[in-house]
Amino acid sequence: ETKTILVDKDVNKEETYSQAVEMLKNGEIVAFPTETVYGLGAVATDTEAVDKIFKAKGRPADNPLIVHVDSKETALKYVSNVTQKAEKCMDAFWPGALTLILKAKPDLFADNVTAGLETVGIRVPSHPVALNLLRQLKMPLAAPSANTSGKPSPTLAEHVYHDMNGKIPLVLDGGATAIGIESTVLDMTCEPPCILRPGNVTKEQLEEVIGVVRLSTDIQGNAPKSPGMKYMHYAPEAPVYLIEEDVRLIEMAIDHVHNEGKKVAVLSHHEFPSADFDFPLSAATLYGSLRKCDMIDVNIILAAVSADKQKDVAILNRLEKAADHKWFS
Ligand code: TXA
Ligand code: MG
């Protein structure tokens with residue numbers, strides 16, 4: 001039912017986008033690739049279209065969407081109280097995998113985009129398909145990740161199709177997304193600015209441009225500022241356990257699971273031939289591997305994380321959520 005258009009080799013062909021643009025203008029929702037993960041887009045001023053996103057994903061209504069625009073200039077039409085630091089971030093990281101939380105100008109977006117907040121998350125994606133789509137549409141696109149809520153974000157058009165077939169009319173297939181995890185979300189409405197969701201743009205890179213930045217990955221805390229952070233995410237069906245990236249420790253864990261007559265998958269920088277399944281660990285492959293875990297016969301998934309908590313902050317954040325903070329013991 002859901003149609004897929006392969007844009008990979010025709011990235012600049014105008015006709016490739018005209019169908020998507022027409023559907024979006026008619027209040028439909030369309031999935032498209034960004035450099036981070038696939039997004040599920042609706043015109044951000046169209047309340048009914050945006051509502052279709054929440055329905056297709058099964059997304060709680062209190063979790064606001066990210067708005068995608070084609071340039072800094074367009075962004076500035078939709079947000080106010082833009083500090084110097086915020087402009088510096090736009091200049092340094094856009095187009096790219098950084099979402100800025102800024103005050104939304106009143107009554108420009110559909111209410112359900114911002115879930116009633118006065119702020120909005122906004123970014124300029126760098127993927128040529130996303131940019132071409134935005135340039136031809138000439139309207140802002142509200143777009144969360146194009147997965148069913150609670151599933152790993154899609155890094156392939158096939159992932160979108162798997163979750164959304166029959167629920168949306170069109171997927172633009174631009175191949176595998178390069179980064180593989182969602183954008184860094186940086187709240188610019190507080191001082192110092194605060195990372196609400198770590199991503200490919202790191203705290204260190206941000207601090208080089210705007211000075212001190214706080215990192216808040218506190219999802220258990222009271223009233224998380226990023227509503228999405230309170231939900232468990234990215235969970236495959238078999239339980240995921242964190243384990244320290246230590247070859248001997250992991251080998252012992254594999255033996256332990258086997259002794260219970262169970263099958264184990266390991267996600268790690270190292271190879272574990274003794275495991276039943278063995279996935280290399282990187283941002284680009286993480287979600288694809290978690291999805292594969294739902295298609296194989298496995299009882300438990302071990303996710304290896306570095307003892308150094310400053311390393312791979314974004315990957316650690318996603319694995320902690322997939323594991324619901326459980327450690328193997
Ligand atoms: O890389 C990405 O950001 C992808 C691609 C498609 O752009 N999009 C994405 O959207 O990951 P989504 O909806 O899955 O995640 C948006 C996150 C959620 O955690 C949400 O709570 C937070 O951004 N967010 C959105 N608006 C916010 C706001 N006004 N204040 C605080 N957090 C906000
Ligand atoms: Mg998401």
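FYI, side chains are in, hydrogens and waters are out, and symmetry mates aren't considered; it's all heavy atoms of this structure. Atoms within each ligand, like the ligands themselves, are counted from 1 in listed order.
- Between Glu182 and ligand 1, a contact under 3.5 Å exists for no N or O pair.
- Every atom of ligand 1 with a heavy atom of Ser145 under 4.0 Å away is listed here by number and element: 8 (N), 9 (C), 10 (O), 12 (P), 14 (O).
- Close approach of ligand 1 to Thr36 (heavy-atom distance below 4.0 Å) involves ligand atoms 1 (O), 2 (C), 4 (C), 5 (C).
- Heavy atoms only, all atoms of each residue included: Met139 and Leu134 are closest at O-CD2, 3.9 Å.
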What side-chain donor-acceptor pairs closer than 3.5 Å can you find for residues 42-49, not counting sequence neighbours?
residue: Asp46; atom: OD1; partner: Glu48; partner atom: N; Å: 3.2
residue: Asp46; atom: OD1; partner: Ala49; partner atom: N; Å: 3.0

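- Proximity annotation for atom 28 (C) of ligand 1: of Ile101, Thr177, Thr114, Leu102, Ile101 comes nearest, heavy atoms only.
- Here Leu196 has side-chain heavy atoms under 4.0 Å from ligand 1, and that is the only part of it that gets that close.
- A salt bridge between Lys151 and Asp163 is absent, with no side-chain N of the basic residue lying under 4.0 Å from a carboxylate O of the acidic one.
- Between Phe109 and Tyr78, the gap from one ring centroid to the other is short of 6.0 Å.
- The Mg ion (ligand 2) has no N, O or S atom of Ser153 under 2.8 Å away, backbone or side chain.
- Summarising the contacts of atom 4 (C) of ligand 1 with Thr34, Val37, Val185, the nearest heavy atom is found in Val37.
- Neither the backbone nor the side chain of Asp187 comes within contact range of ligand 1; no heavy atom lies under 4.0 Å.
- When Pro64, Ala104, Gly121 are ranked by how near their heavy atoms come to atom 24 (N) of ligand 1, first place goes to Pro64.
- One finds no salt bridge joining Glu208 and Lys88 here, because no Lys/Arg side-chain nitrogen approaches an Asp/Glu carboxylate oxygen to under 4.0 Å.
- Looking at Thr119 next to ligand 1, an N or O pair under 3.5 Å apart turns up.
- Every atom of ligand 1 is numbered from 1 in the order shown, and the set under 4.0 Å from a heavy atom of Asn63 is 18 (C), 20 (C), 21 (O).
- Ring orientation note: the planes of Phe272 and His270 are nearly perpendicular, at an angle over 60° on the 30°/60° scale.
- The residue Glu35 has no part lying near ligand 1, judged by heavy-atom distances below 4.0 Å.
- Screening residues 251-260 for side chain to side chain donor-acceptor pair (under 3.5 Å), with sequence neighbours left out, gives His258-Asp276.
- Annotation: cation-pi pair Lys326/Tyr241 present, NZ/CZ under 6.0 Å from the ring centroid and within 45° of its normal.
- The closest non-hydrogen atom to atom 13 (O) of ligand 1, taken over His127, Arg59, Glu118, comes from Arg59.
- Atoms of ligand 1 lying under 4.0 Å from any heavy atom of His68, numbered from 1 in the order shown and given with element: 5 (C), 6 (C), 7 (O).
- Using a 4.0 Å cut-off between charged nitrogen and carboxylate oxygen, Glu245 and Lys311 do not count as a salt-bridge pair.
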